[in-house]
Number of protein chains: 2
Amino acid sequence: MSAISERRERERAHRHQLIITAARELAETEGWEAVTTRRLAERVEYSQPVLYSHFNGKDAIVSAVALDGFSELAAHLRRARQAAPEPGEALRAVCRAYLEFATERPALYQAMFILPTDLKFASAETPPPLRAGFDEFVSCFSPDNERRELFAEVTWSALHGMAVLSDSGRIPSDGQEERLDFLITQIAGTPMRPTAPQGA
Amino acid sequence: MSAISERRERERAHRHQLIITAARELAETEGWEAVTTRRLAERVEYSQPVLYSHFNGKDAIVSAVALDGFSELAAHLRRARQAAPEPGEALRAVCRAYLEFATERPALYQAMFILPTDLKFASAETPPPLRAGFDEFVSCFSPDNERRELFAEVTWSALHGMAVLSDSGRIPSDGQEERLDFLITQIAGTPMRPTAPQGA
DNA sequence: GACGGCATCATAGCAACGCTAGACATCCTG
DNA sequence: CAGGATGTCTAGCGTTGCTATGATGCCGTC
């Protein structure tokens, strides 16, 4: 392999990332429905077929953006967890960071959770960033808790529901803080015990 | 207004519903990506422009399907709640019914919560069926609970998250029952109290 | 009962979409 | 310097949501 080939490969990798960031920026400023292969090609100053030499199709581009998003989300959650004053506040900090991420980068969040992508979940070939983000939730629960994964799944589900329902206006977008408070208290505040009549 | 006009209006209303059910059936058997205006027109044995004399566009058609879905969901939840053996079991019954609805009618659920629609939420012109479904959750909590709406919002969010994340394979689709159990116990099992270190 | 007016419907077409085959140029290799 | 491979663009295919135009048939009126 000559040095020239290496340079070409570098350029190619650079252009690969250029396409991804262009797609993301376009989505963040004008929404995903504005991200067409033509506009994207024009934006990176190449013709359409170049996109298809890098990605199998539009879905693959969206998937690449989503994958970047998962990495950022994992890092964002990790930062929040480690910055928590005490371990008991870790869950709250991570949950708040999650909602923050979803509301501040709605287009990115859409790519990760709503748009059709090629990403494989909950399987052997699940990309590490996905698992990493999930693990941040798991880490908020005591290691000797046998059901921390279950806790994490439900917490994540609730947060995702809150994020997407409020973003689409199905629940009022204020009151999000109050809902978060309630969720944290109920999930983390008390150990499980047999069902009792409904609350306060 | 002559009798003839009345008949035409009846026929028109009938055809209106025909379009909606055709769209729904097509979506349920082949998925929403197979629901194109051409295929839909062929299915109802009219030409494309007829669709546009009934609906403003494709989004309006899926909105109509979604609206029907909200009615059915509300009825489904209501049945479940009223069939609960005791009031303390109402919440569990409604939540289980919700997940049942989402998993058994995935296309319909998509129209209601994922696809872009024209429906207005959480405002004055919110269609009654939407509010009715939400109220079934609210009714599961004690009337003297000042925050039942908040409870209902969080419960709904969690269920929606579970439904959509498991449907898209982001969390394993078995274990749904276990997650439901955990959610119910945490939401309804204990009144709120100040945050304590994380659970069992 | 024939006729003008109106509402209804289908044919045909537009712009934009994702995607691809083929021609063209460019650069490395022998 | 010629030959071949690599990379890129132009042009176009089939399909999408949506609509302007023209034909068809029914209604109310003289």
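Just so it is clear: chains get the letters A, B, ... in the order the sequence lines come, proteins before strands, and each one is counted from 1.
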Residue list, salt bridge (charged side-chain N to carboxylate O under 4.0 Å, His left out) with A:Glu177, at least two apart or on another chain: A:Arg96
SB check A:Arg38 A:Glu42 (cutoff 4.0 Å): no
For A:Thr103, side-chain hydrogen bond (donor to acceptor under 3.5 Å, both in side chains) partners two or more places apart: none
Taking the basic N atoms (NZ, or NE/NH1/NH2) and the acidic carboxylate oxygens, is any pair closer than 4.0 Å for A:Glu11 and A:Arg15? no
Any side-chain heavy atom of A:Arg78 within less than 4.5 Å of one from A:Gln82? yes
To 10°, what angle do the rotation axes through the five end pairs on each side of the helix from C:dG1-D:dC30 to C:dG30-D:dC1 form? 20°
Of residues 16-31 of chain A, the positions that come close to DNA chain C - non-hydrogen atoms, cut-off under 4.0 Å: none
Would you call the rings of B:Tyr98 and B:Tyr109 parallel, tilted or perpendicular, where under 30° means parallel and over 60° means perpendicular? perpendicular
Tell me whether the centres of the aromatic rings in B:Phe113 and B:Phe70 are closer together than 6.0 Å. yes
Identify whether the distance between the nearest side-chain nitrogen and carboxylate oxygen of A:Glu100 and A:Arg79 falls below 4.0 Å. no
Ring geometry between B:His54 and B:His16 (parallel below 30°, tilted from 30 to 60°, perpendicular above 60°): tilted
Sugar-phosphate or base contact per nucleotide [nucleotides 6-19 of chain C; S, B, -; heavy atom under 4.0 Å]: --SSBB-B---BBB
In chain order, what residues pass the side-chain hydrogen bond (donor to acceptor under 3.5 Å, both in side chains) check against A:Arg131, with sequence neighbours excluded? A:Asp135, A:Glu149
